[in-house]
Amino acid sequence: MLIRTLNDDLKAIARELEFPEDKISVTYSDRPDLCQFQCNGAFGLAKVLRRAPLQIAQALADKFAEKYTYAKAEVAPPGFLNFTVTDEAFSDLLKDFLNDPRCGVEKTDAPRKIVVDYGGPNIAKPLHVGHLRSAVIGEALKRLCVFLGHDVTGDIHLGDWGTQMGLVIAGLAERFDLSYYFGGEGKKPEITLNDLNEIYPMASARSKEDEEFRKKAQDATYRLQNHEKGYYQLWQDVCATSIADIKKDYASLNVEFDLWNGESTCDKYVNPMIDSFIEKGLAYESEGALVMDVAEETDEKPMPPIILRKSNGAQIYASTDLATIVERMETIDPDEMWYVVDARQGLHFEQVFRCARKTGLVKENTLMMHVPFGTVNGTDGKPFKTREGGTMKLKDLIALISDAAGKQLSEGALAQDPDAARKVGCSALKFGDLVCNRNKNYVFDIDKFVQFDGKTGSYLLYTLVRINSLLAKAGQPDLGAEIKVADKEERDVLMKMQLLVTAYGQAFEEKLPSFLCEGAYDLANAFNVFYGTHKIMSEADPVRKNTWIALSAAVGNLLKQTLDVLGMETVPAM
Ligand code: ARG
């Protein structure tokens with residue numbers, strides 16, 4: 001990577017000139033029409049050295065010219081240092097890209113142990129569009145961490161233990177003979193996924209109007225949480241049916257978890273943890289519930305106490321998240337825990353993190369972080385709904401986008417890969433989400449997502465198909481033969497490749513996959529300009545032809561690698 005070489009060499013020069021090297025940093029040029037890289041360090045040095053920036057920049061440039069020939073250093077008033085790299089250096093860079101199986105993206109030298117908590121679906125409630133972003137963003141971040149060499153565990157953290165389980169059990173009791181579970185004679189009822197899908201919304205609505213039903217549901221939750229035999233068995237069967245379906249949905253989205261733990265998994269940690277809070281004098285009763293203060297003096301907004309146990313003794317969301325922290329510290333001992341969850345849960349996580357710190361559940365340097373995201377809106381700017389105004393199930397959504405993507409594909413493409421429509425559809429859907437800064441809401445626009453032109457996943461997939469079909473015709477580049485970068489379009493592609501490599505680090509630091517999406521899109525654009533201006537197959541000059549094939553192969557490798565990291569599947573033809 002040229003930016004790294006330039007940075008290292010310029011720092012070495014600063015040392016030689018006895019300038020403080022920490023003021024030196026080479027960046028991509030913000031005037032790419034003038035030069036490719038720049039260093040504005042002379043301005044910072046001017047204050048320390050009490051010399052004019054122009055003089056300092058000149059001293060650096062002179063020394064650079066004395067020592068290196070791979071780039072020309074030029075001074076621009078009042079003290080900028082601009083670098084223009086030679087075509088030989090670009091040719092070497094291209095060879096480096098091709099020889100590196102990681103396409104220039106280095107592994108970290110300080111691997112962190114990271115738990116990524118994402119997905120977070122609830123048992124017995126069908127996955128819907130609201131679950132999409134956590135899965136898509138979480139999967140991309142997890143893959144990025146893995147690729148960079150961190151030690152990562154992706155945990156789905158199923159919602160399998162809260163009041164909704166009691167509601168489902170109460171609902172089931174009305175439809176089925178459950179005596180099999182409760183010591184009676186009945187045979188095991190066959191509860192299907194459809195039953196579950198129908199029962200939850202019904203039970204949830206009913207509990208709002210029907211006091212008696214609500215009490216039954218609360219009672220069932222309580223008994224389940226106390227592991228009463230029949231309730232527990234019934235719950236296990238419900239979970240098995242529901243999880244089998246959840247697995248299918250995530251598989252069609254190309255989302256995989258290392259751990260299929262749930263809120264129930266940490267159950268044995270909850271009571272001892274809460275007891276220890278009481279012992280330390282940190283938790284107290286308030287209006288029948290057990291709570292803890294987490295407000296701090298510097299708070300500018302109200303910070304209500306965290307509720308640890310309800311008045312009826314039932315566990316709640318906060319206590320399962322806290323006990324999960326205890327469990328993760330005991331079983332994994334992570335350096336970082338990332339929670340890829342809807343921005344609307346910000347207060348919940350702030351309370352949980354404060355409580356975990358205050359009570360010493362984590363080490364002083366354990367990082368806990370809410371990685372929030374905005375809502376999925378329809379083209380009308382309101383939260384995305386079905387045409388009838390209901391919430392759209394994830395299955396229906398995937399079917400819809402696969403269908404739309406399939407219509408854009410050629411017959412040949414569909415014949416080559418019978419799963420192509422789903423792959424292209426889901427990749428388009430993922431890109432449409434990931435390209436937006438996750439903190440913002442985004443507009444879910446299927447028609448736009450599957451277009452081949454524009455900033456879309458289909459455009460990137462199509463660029464890759466184009467590269468692969470070129471390579472199928474032209475063969476692989478000959479790395480033993482001469483490679484000579486010679487014109488602007490080639491240099492532009494190589495610059496965009498470097499920018500994309502840099503974006504891996506930015507995406508990790510900011511936990512924003514959008515950096516990778518933007519970088520991949522810019523690279524695809526530069527490649528398509530190059531491709532449109534260079535007639536590769538009919539080129540007579542063997543060096544030029546070999547260089548162009550090499551460049552295409554290098555772009556293909558980096559694009560494919562980046563799409564993999566984003567969790568986007570690719571296809572052989574479109
Ligand atoms: N099941 C939760 C919900 O649907 C999301 C879980 C998020 N993760 C967590 N550790 N709280 O709202």
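When a ligand or atom number is given, it counts from 1 through the structure's own listing order. Excluded from the calculations below are hydrogen atoms, water molecules and symmetry mates; all remaining heavy atoms, backbone and side chain alike, are included.
Only the side chain of F349 comes within 4.0 Å of ligand 1, judged by heavy-atom distances. Contacts with ligand 1 closer than 4.0 Å are made by no heavy atom of D342, backbone or side chain.
Listed by number with element, the atoms of ligand 1 under 4.0 Å from a non-hydrogen atom of V341 are 7 (C), 8 (N). Ligand-side atoms of ligand 1 in range of Y339: 10 (N), range being under 4.0 angstrom from any heavy atom.
With atom 2 (C) of ligand 1 as the reference point, the heavy atom nearest to it among G120, S134, G119 is part of G120. The option from Q164, H348, Q345 that lies nearest to atom 12 (O) of ligand 1, judged by heavy atoms, is Q345.
Of the N or O atoms in N122, one or more lie within a sub-3.5 Å distance of an N or O in ligand 1.
Proximity of D433 to F373: side-chain heavy atoms (C-beta onward) are nowhere separated by under 4.5 Å. Looking at L253 and L429, their side chains come closer than 4.5 Å, going by heavy atoms from C-beta outward.
Ligand 1 lies within reach of Y317, whose nearest heavy atom is under 4.0 Å from it.
Closest to atom 10 (N) of ligand 1 among all protein heavy atoms lies D321 OD1, 2.8 Å. Regarding atom 8 (N) of ligand 1, its nearest protein heavy-atom neighbour is D117 OD1, 3.3 Å.
By the 4.0 Å N-to-carboxylate-O rule, R175 lies close enough to E198 to be salt-bridged with it. Look at K268 and E327 and you find no salt bridge, because none of the NZ, NE, NH1 or NH2 atoms lies under 4.0 Å from a carboxylate O.
Judged by a 6.0 Å distance limit and a 45° cone about the ring axis, K229 is not positioned over the six-membered ring of Y231.
The number of heavy-atom neighbours closer than 6.0 Å to NZ of K280, taken from other residues, nucleotides and ligands shown, is above 12.
For the pairing with R223, the side-chain hydrogen bond (donor to acceptor under 3.5 Å, both in side chains) check across N226, T221, D219 returns one residue only, D219.
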